[in-house]
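One structure is given below, encoded as structure tokens.
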There are 2 protein chains.
Amino acid sequence: MISRVPLRDEVYRQILAQLQRGVLAPGARVRDVSLAAQLGVSRTPVREALLRLAREGVLETTLGRGFRVRPLDSAELREVGTILGALEALALRLSPPLDQPRRERLQQLDRRLEQTRGDVSTCLDLEDEWHRVLLEACPNRRLLELIGSLRQIPRRYLAAYMQAAGRLSLSTLPHAKILKALAEGGADSGAAVFEQQWQRGLTELESWTGRGPAVPA
Amino acid sequence: MISRVPLRDEVYRQILAQLQRGVLAPGARVRDVSLAAQLGVSRTPVREALLRLAREGVLETTLGRGFRVRPLDSAELREVGTILGALEALALRLSPPLDQPRRERLQQLDRRLEQTRGDVSTCLDLEDEWHRVLLEACPNRRLLELIGSLRQIPRRYLAAYMQAAGRLSLSTLPHAKILKALAEGGADSGAAVFEQQWQRGLTELESWTGRGPAVPA
DNA sequence: ATTTTGAGTATTGTATACAGGATATCACAC
DNA sequence: GTGTGATATCCTGTATACAATACTCAAAAT
């Protein structure tokens, strides 16, 4: 099966990777022409990718002033985090019970997460993967897609937090709590704990950023 | 204050209006060049608007084959409806108590809804507006935005349902139930009833479409 | 010294051009 | 009549071009 993919999608992935690696820092201006040159394509697919990222909330755009990486703003994090907490809890409630193979994959991911030190990007990839595996059996594809696109937002905040606060790894404790609740209380109980862990995480990040923008302009 | 708006946004609104009026029927192919001619702009902003609609799920796109209006598929309706039920319930829980002026605006909308007969588009506009007013006090702007973009999906199904099944108006009974629960039981109770009404509505539409695609290809 | 202003440059938003692939048409074979 | 293949047209995806707006920075004015 040969796969062809629109250039705009490939460009989207590349830009997203740069954002996640921090090459494009919050607040930085994003010029389509330089990205196009760097990626060796024309401005058109680049702009299509940028418009998509803007709609997803990672970039912001002002008419005539192009794109910039949206500055971190703890209010935004709380807004998106609240939404994600509800949606991921919903996905969990809609999922069939966690079977043994998937449980083992989750535990395997947690082990790798515990061994990773100092590599922010890898940590976040593992964290994303953990969530993906936990929810992948949910039959509501549309919901999973929505969750996937929203998760980009907290990811940026976590990255900034880990780098700035010198945290070298992510705790796997929330994961364990969720799995425990799932095993003992079923989907509803797991979903409740899931949402609760989201709130806890939000509070932790907010206590770090304090009030106002996490990264001053 | 003179307001300038990107062409792509204006084009987006125009195309959406055509979709809502049924000028662009489900399954129909959408050619950017003819839309561009019709609107008197170039293909570029039209394509930007179409890509956005595709990401929002109203259109679908295959590489090299352009855009088409996504055929109605009752599975999609259930997926999006479940998400919207959860999100609108969440928005309600996050909102301050409904004050009297807003309650009156809602009742006013319901009266207009009851008087409207046979004009599907007006009915749906009023229904959208009712939801918007109910939730507008929710402080989570991001959530409201997401709800707004998702609501386009069920709107298409409602339109098809009303036209095909010869329903001339929408019932305001669900609205009344929600307001009653809100008044008597507070936000949580209202949210629960909200979600329940969503499920009821989904079931009603599904019993009409039966299994499988609502509109055969 | 600070603010204003204006020419020049850079960059955006939109329009147009181009190339390759997809669809349609029609002739011909079976 | 149905199926197959060549060819011609159309359309999409991408690249490039253009015009208008926003930024830069230095010189003038307050």
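Each chain gets a letter, A, B and so on, in the order the sequences are listed, and its residues count up from 1.
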Closer than 4.0 angstrom, basic N to acidic O: yes or no for B:R52 and B:E56?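 Looking at B:R52 and B:E56, the cut-off is met.
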Would you mind checking if B:E79 and A:R142 are paired as a salt bridge, meaning a charged N to carboxylate O distance below 4.0 Å?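 Here A:R142 does not pair with B:E79 in a salt bridge, since their nearest N and O are not under 4.0 Å apart.
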For B:L170 against B:L113, the heavy-atom pair lying closest together: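 Scanning both residues, the minimum pair turns out to be O-CG, 4.5 Å.
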Quick one: which of A:I153, A:L150, A:L202 gives a side chain to side chain contact (heavy atoms under 4.5 Å, CB included) with A:L84?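 Filter result, single survivor: A:L150.
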Option from B:L59, B:T61, B:V58 for which side chain to side chain contact (heavy atoms under 4.5 Å, CB included) with B:L50 holds: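 In the set B:L59, B:T61, B:V58, the residue that makes a side chain to side chain contact (heavy atoms under 4.5 Å, CB included) with B:L50 is B:L59.
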The dot-bracket string of DNA chain D, counting Watson-Crick and G-U wobble pairs with both distances under 3.5 Å, using [ ] for crossing pairs and | for pairs to another strand, is ||||||||||||||||||||||||||||||
Main-chain N/O of A:R70 paired to A:R156 side chain as donor or acceptor, under 3.5 Å: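 Side chain of A:R156 to backbone of A:R70, a donor-acceptor pair under 3.5 Å: yes, one is there.
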With B for base contact, S for sugar-phosphate-only contact and - for none (protein heavy atoms under 4.0 Å), nucleotides 9-14 of chain D reads --SBBB
In terms of heavy-atom contacts, does CZ of A:R151 have more than 12 from other residues, nucleotides or ligands at under 6.0 Å?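 More than 12 within 6.0 Å, yes.
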